[in-house]
Amino acid sequence: GNGPRIPRKGRIRQSAFTTVFGDLQMTFEDQCREAVRIGLVGFELVQPANWPTLKKYGLVCTCAPSTGVTFENGVIHTEDHDRTAKAMGDAIDVCAANGVERMITVGGMRRGMSNEEATDNAVRFFNRMKAHAEDKGVTIALEIMNTRYPDNRLGRPDQVFGAAVADIAGQQGTHGQEGVAHEVGL
């Protein structure tokens with residue numbers, strides 16, 4: 001580590017991406033040791049193969065990586081729903097078995113699709129998945145890509161899409177607990 005452990009009061013649970021260590025060329029184990037030293041609770045988007053290393057250091061995967069989708073072909077594309085649902089269902093099971101409470105997914109490129117159709121398709125997908133996610137205690141986070149791209153190919157012109165999907169899917173309830181969340185990627 002780079003010094004003594006930094007004491008924390010525990011009111012804020014912070015995590016980080018492994019990329020915050022930049023080009024320091026630290027091994028994953030070194031990153032875990034440093035994360036513990038500075039008071040992080042874990043890392044986001046760590047592959048399941050590395051979860052035992054997190055556990056070894058008392059850390060957690062705070063959000064599992066996306067599975068079954070790409071930035072181009074996400075949950076808004078109904079032609080991929082069967083394949084994506086299978087991959088996501090399996091990933092939910094892996095998360096639950098390892099105590100990972102949240103996983104991320106993306107909507108995908110609209111490719112001319114209206115916001116309304118994208119929202120409807122995403123809601124349809126999440127309504128299909130949320131009972132399984134809720135039963136397993138896993139929240140699916142819909143990442144809203146930023147809009148720094150001039151053609152808006154990965155993002156949305158505003159952040160309404162994610163809130164609308166989470167709101168509609170949540171209102172079309174299942175077991176009383178909302179299994180779909182939305183987060184904003186800035």
Side-chain angles (χ1 to χ4, degrees), residues 15-19 42-51 54 60-172 174 177-186:
S15 65
F17 292 97
T18 58
T19 55
F43 286 104
E44 293 208 8
L45 308 184
V46 173
Q47 293 296 325
N50 288 323
W51 294 353
L54 290 173
V60 297
C61 178
T62 55
C63 185
S66 184
T67 184
V69 295
T70 64
F71 289 133
E72 294 78 18
N73 298 310
V75 301
I76 66 173
H77 293 284
T78 57
E79 66 275 14
D80 294 325
H81 278 186
D82 288 342
R83 180 188 50 77
T84 302
K86 168 73 171 106
M88 188 175 288
D90 292 346
I92 288 168
D93 292 341
V94 170
C95 287
N98 287 279
V100 177
E101 299 173 352
R102 186 170 58 137
M103 65 179 294
I104 200 162
T105 194
V106 296
M109 290 183 178
R110 288 185 288 134
R111 297 190 295 264
M113 184 183 299
S114 71
N115 278 334
E116 293 77 21
E117 181 181 1
T119 300
D120 290 346
N121 291 349
V123 167
R124 186 177 308 118
F125 180 80
F126 287 124
N127 281 339
R128 179 175 175 178
M129 298 305 300
K130 70 183 178 182
H132 182 66
E134 289 173 355
D135 288 346
K136 296 290 185 169
V138 175
T139 297
I140 304 167
L142 175 60
E143 181 175 14
I144 307 304
M145 302 305 295
N146 64 43
T147 57
R148 71 176 173 241
Y149 300 99
D151 65 357
N152 202 27
R153 63 188 179 90
L154 295 180
R156 301 293 186 269
D158 54 45
Q159 299 301 325
V160 174
F161 170 77
V165 170
D167 184 52
I168 295 166
Q171 287 179 21
Q172 296 173 354
T174 55
Q177 157 185 10
E178 194 168 313
V180 179
H182 111 278
E183 60 181 43
V184 178
L186 300 175

Between Thr84 (side chain only) and Gly68 (backbone N and O only), is there a donor and an acceptor less than 3.5 Å apart? yes
Spatial distance of atom NE2 (His77) from atom CZ (Phe125) [nearest 0.5 Å]: 12.5 Å
Could you check whether any side-chain heavy atom of Ile92 comes within less than 4.5 Å of a side-chain heavy atom of Met129, counting everything from C-beta outward? yes
Quick one, Asp82 with Arg128, criterion side-chain contact (heavy atoms from CB on, under 4.5 Å). Give me CA distance, side-chain angles, the key distance, then yes/no. CA-CA 10 Å; Asp82 288 342; Arg128 179 175 175 178; 2.8 Å; yes
Donor-acceptor contact below 3.5 Å, side chain Arg111 vs main chain Glu72: yes
Are the side chains of Thr105 and Leu142 in touch, meaning some heavy atoms are under 4.5 Å apart? yes
Just jot down the side chain to side chain donor-acceptor pair (under 3.5 Å) partners of Arg124, sequence neighbours excluded, or say none. Asn121
Can you confirm whether Lys136 sits close enough to Asp93 that some side-chain heavy atom of one is under 4.5 Å from a side-chain heavy atom of the other? yes
Report yes if some heavy atom in the side chain of Cys95 is under 4.5 Å from a heavy atom in the side chain of Trp51; otherwise report no. yes
Taking every heavy atom of Arg102 against every heavy atom of Thr62, the minimum-distance pair comes out as NE-O, 3.5 Å
If we only count heavy atoms from C-beta on, is the Phe43 to Asn50 side-chain gap below 4.5 Å? no
Nearest 0.5 angstrom please: Ile76 CD1 to Thr119 OG1, how far? 9.0 Å
Output the distance between atom CE (Met103) and atom OG (Ser66), rounded to the nearest 0.5 Å. 6.5 Å
Show the nearest heavy-atom pair for residues Pro65 and Val46, with the distance to one decimal. CD-O, 3.3 Å
Between Asp90 and Lys86, is there a salt bridge with N-O shorter than 4.0 Å? yes
Got Asp135 and His132 here, is their nearest side-chain heavy-atom distance under 4.5 Å? no
